[in-house]
Each structure stands twice: as structure tokens, then as C-alpha cells.
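To start, the structure under review is shown below, and the notes come after it.
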Amino acid sequence: MCGRFTVILKGKDLKDEFEVEAPPEFAYESYNVAPTQTVPIIHLDQNQKRQFSVMEWGFLPPWAKDHKAPLRPINARLETVNSSAMFKPAFQKRRCLIPAAGFY
């Protein structure tokens, strides 16, 4: 993924496109989403049901003690994501969908 992306999303779109509940008044529009900004995501809860959340863009490595880690990666290589100590646990168990409209 690149370093910036675009999101244009409304609560109704989330329900129609992704079959997930979001506040009907929810709207998120940004043409320049940068790392560390909050973005809407869709993820599975413990019961394997789709959930909507808003989270900060960036990856917190398993060994980080808090969310203020100085170097937080924003992407991973497909070739090594399932074998890298940094990404393997998250790749196997904590995936999410980021409904981006475009990237650059």
C-alpha cells in the first residue's frame, strides 16, 4: 500500500456494501489520509461477525509496550508477511478491511 489514500464513506454505504452496522449519520471523507490518522475499518469480532470501527492507521508490533512507538510501519511485503516476526501473528488472526476509494 502507498503512503496516502482516499476515503469517501457514509453509514448507509457500510450497510449496503459490507453488511455491517454503522451509525446512520456516520460520514467520513478525506482525500489525503496519512499514517497515524483515524480511518474507518471493518473487522471480525470474537464471534466472527463483521464489526465497524474507527482506528488509527499504523501497525503496532507485538513487542511494542504502548501506542507511542516511534517507528510504526504502515505496510508489509506480501512475500514475507506470513513469516516475519513482526507481522505473522496479526496476519494470521487480526485482519481488517479498509474501505479506500483510491490510493496514491
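Being a predicted model, the structure only gives us computed values, none of them experimental. One is the number of the first residue; the rest follow in order along the sequence.
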Sub-4.5 Å side-chain heavy-atom contact between Phe87 and Pro73 | yes

CD1/Ile98 to CZ/Phe103 distance, rounded to the nearest 0.5 angstrom?
-> 12.5 Å

Under the 3.5 angstrom rule, does the side chain of Ser83 hit a backbone N or O of Thr80 as a donor-acceptor pair?
-> yes

Minimum heavy-atom separation for Pro35 to Gly3, with atom names?
-> CD-O, 3.3 Å

If a pair satisfies side chain to side chain donor-acceptor pair (under 3.5 Å) and one of its residues is in residues 88-103, list it, with sequence neighbours excluded.
-> Asn82-Gln92

Find out if a path of hydrophobic residues (ILVMFWY) with successive side-chain heavy-atom gaps under 4.5 Å connects Val33 to Ile8.
-> no

Chi angles and distances behind the side-chain contact (heavy atoms from CB on, under 4.5 Å) call for Ile74, Trp57 | CA-CA 7 Å; Ile74 60 168; Trp57 178 22; 3.9 Å; yes

Could you pull out all residues at least two apart from Glu17 that satisfy side-chain contact (heavy atoms from CB on, under 4.5 Å)?
-> none

Please tabulate, for the side chains in residues 40-47, all donor-acceptor contacts under 3.5 angstrom to protein atoms that are two or more places apart in sequence or on a different chain.
{"unit_1": "His43", "atom_1": "NE2", "unit_2": "Ser53", "atom_2": "OG", "d": "2.8"}
{"unit_1": "Asp45", "atom_1": "OD1", "unit_2": "Asn47", "atom_2": "N", "d": "2.9"}
{"unit_1": "Asp45", "atom_1": "OD1", "unit_2": "Gln48", "atom_2": "N", "d": "3.1"}
{"unit_1": "Asp45", "atom_1": "OD1", "unit_2": "Lys49", "atom_2": "N", "d": "2.8"}
{"unit_1": "Asp45", "atom_1": "OD2", "unit_2": "Gln51", "atom_2": "NE2", "d": "3.3"}

Rounded to the nearest 0.5 Å, what's the gap from CE on Met55 to SG on Cys96? Could you check?
-> 7.5 Å

In sequence, state the C-alpha distance, the side-chain angles, and the governing distance for Phe5 and Tyr104, and then conclude on side-chain contact (heavy atoms from CB on, under 4.5 Å).
-> CA-CA 6 Å; Phe5 66 98; Tyr104 55 99; 5.9 Å; no

Check: Asp16 side chain, Asp13 main-chain N or O, donor-acceptor pair, under 3.5 Å = no

For residues 18-31, please give each side-chain donor-acceptor pair under 3.5 Å, one per line with the distance, not counting sequence neighbours.
{"unit_1": "Glu21", "atom_1": "OE2", "unit_2": "Lys15", "atom_2": "NZ", "d": "3.4"}
{"unit_1": "Tyr28", "atom_1": "OH", "unit_2": "Thr38", "atom_2": "O", "d": "2.7"}
{"unit_1": "Glu29", "atom_1": "OE2", "unit_2": "Tyr31", "atom_2": "OH", "d": "3.4"}
{"unit_1": "Ser30", "atom_1": "OG", "unit_2": "Asn32", "atom_2": "N", "d": "3.4"}

Write out all pairs satisfying salt bridge (Lys or Arg N to Asp or Glu O under 4.0 Å) with one or both partners inside residues 53-62, taking only residues at least two apart or from two chains.
-> Glu56-Arg72

